[in-house]
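Working notes, structure below.
Numbers here simply count residues along the sequence, with the first being 1.
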Amino acid sequence: MDNDIEYNEALKKLKTYGQEQVLDRYNFLDDNKKQKLIKQIKNIDFDQIQELFIEKDKKIDDKACKITNIEYVDKSKLSKEEYERYNEIGTKIIQEGKYAVVTMAGGQGTRLGYVAPKGTFKIGGGIDKSLFEALSDTIKEAREKYNTSIPWYIMTSRENNNATEKFFEKNDFFNLPYEDVKFFKQGELPMLDTNGKLMLDETGIIKLAADGHGGVFEALSKNGYIEDMKKRNIEWIFISGVDNVLAGLVDPIAVGLSVVNNTLATGKSVVKRNPSEKVGVFCKKNGRPYVIEYTEITDDMANAKDKNGELLYGESHILTNLFNIKALEDISKNKLPYHSAFKKAKYMDKNGEIIKPEKPNAYKFEAFIFDAFESLDDMSILRVKREDEFAPLKNAEGEDSPDTARQLYINYINRKNK
């Protein structure tokens with residue numbers, strides 16, 4: 001009887017939004033899948049989904065916005081006095097146990113031809129370490145250096161959470177204390193077809209997709225980990241992706257810079273290789289920190305240089321950012337804007353057939369972490385060297401591939417051990 005009531009309530013909700021096709025395959029599902037589908041329908045914000053579809057092609061009108069360059073500090077060019085000042089401040093904060101690390105690891109290694117959580121991908125080339133292990137090494141070294149605990153919060157996804165947790169258990173958490181390694185799942189949003197209709201995945205329930213790295217703030221809050229950080233007296237949180245094997249996870253200079261500048265965030269950057277490199281760059285929009293995408297920047301802006309002959313808009317955003325707990329909490333309370341992407345997505349049709357499209361057929365909606373910057377009055381930018389802190393692993397071959405990341409990692413280890 002309860003099942004009939006829940007079904008009728010779900011159907012009524014779907015009819016309100018013209019989405020009743022979601023139940024086309026309901027009678028072919030087992031009881032577990034039926035419950036999952038009904039729960040999905042209950043939890044979806046259909047007003048939000050409608051709005052996202054309506055706004056999917058809307059372009060942001062930046063004509064009324066004033067875009068200017070942003071000041072940065074070059075880590076490699078700090079004077080001895082500056083370096084020591086920042087380092088002393090940051091070191092004290094880390095030693096007092098007020099620092100935590102968040103790694104965004106919700107993706108699979110699909111683009112690498114690897115069917116498993118991306119963090120479990122092995123660096124290779126004689127290095128028998130996964131990305132997770134390489135990052136854990138950085139945290140372990142910092143724990144020893146500063147004689148403190150450094151909690152590690154790892155954002156997974158529905159798709160890879162179980163495999164990720166089992167991987168850590170199998171590897172005994174890489175000798176980190178179990179209580180200092182926490183897992184949480186990122187949020188998801190339904191994918192929509194070209195008519196704005198919800199789609200079914202290959203198992204017959206609503207097709208969902210991860211809501212982008214900008215969802216990290218809300219996911220931390222929903223899973224109780226911002227509160228966990230506050231209980232641990234954490235003040236500074238470093239957030240980066242799992243696929244940068246050289247990410248400087250524990251950086252007293254970045255902390256000290258934020259404290260001295262009285263900013264609630266610091267973004268790390270590397271200088272663009274050339275004006276046409278396809279990367280988002282730090283800037284200011286109407287006086288607030290912002291990242292302008294390479295698709296939005298004009299040729300004149302891309303080629304503009306300062307009095308020293310350096311690119312005026314040359315600070316690439318590399319997804320390695322430090323946030324004060326206050327900023328993290330404030331950002332988590334507000335929804336970041338979603339960006340739409342038109343993708344190829346497998347789905348189940350009303351006849352139960354699995355359709356594998358040859359061209360894009362569905363809209364995916366994602367939030368980006370840099371959209372949070374606009375909520376800040378200001379932020380510090382710390383330019384770092386690519387060879388020291390940026391070895392992304394995104395593509396199967398060519399640029400930002402296992403080959404390039406591996407070589408950068410080997411070179412870094414060799415320099416460090418000299």
Evaluation steps, side-chain hydrogen bond (donor to acceptor under 3.5 Å, both in side chains), between T203 and D201: CA-CA 5 Å; T203 69; D201 67 15; 2.7 Å; yes
Classify the ring geometry of Y225 against F184: parallel below 30°, tilted from 30° to 60°, perpendicular beyond 60°. perpendicular
If you measure from the Lys or Arg side-chain nitrogens to the Asp or Glu carboxylate oxygens, is any gap between K285 and E296 under 4.0 Å? no
Do NZ/NE/NH1/NH2 and the carboxylate oxygens of R273 and E399 come within less than 4.0 Å? yes
Determine the interplanar angle of the F365 and Y363 rings, folded into 0 to 90°, and report it as parallel if under 30°, tilted if 30 to 60°, perpendicular if over 60°. parallel
Please report the interatomic distance CD1(I381) to CG(N321), rounded to the nearest 0.5 Å. 8.0 Å
With the threshold set at 4.0 Å, does a side-chain nitrogen-carboxylate oxygen contact exist between D180 and R232? yes
Salt bridge check: are D403 and R406 linked by an N-O gap of less than 4.0 Å? yes
Do NZ/NE/NH1/NH2 and the carboxylate oxygens of E9 and K42 come within less than 4.0 Å? no
Report, one line per pair, each donor and acceptor closer than 3.5 Å where one atom sits in a side chain of residues 165-173; sequence neighbours left out.
unit_1: E165; atom_1: OE2; unit_2: N161; atom_2: ND2; d: 3.3
unit_1: N171; atom_1: ND2; unit_2: F167; atom_2: O; d: 2.8
unit_1: D172; atom_1: OD1; unit_2: Y178; atom_2: OH; d: 2.4

Give a yes or no on whether a salt bridge exists between E218 and K222, defined as a side-chain N under 4.0 angstrom from a carboxylate O. yes
With a 4.0 Å cut-off on N to O distance, would you call K75 and D388 a salt bridge? no
Within 45 degrees of the axis of the six-membered ring of Y347 and under 6.0 Å from its centre: does K207 put its NZ or CZ there? no
Would you mind checking if E51 and K335 are paired as a salt bridge, meaning a charged N to carboxylate O distance below 4.0 Å? no
Gap between atom CG of N261 and atom CE of M379 - 0.5 Å precision: 11.5 Å
Pair E188-Q186, side-chain hydrogen bond (donor to acceptor under 3.5 Å, both in side chains): steps then yes or no: CA-CA 7 Å; E188 295 179 302; Q186 72 182 110; over 6 Å; no
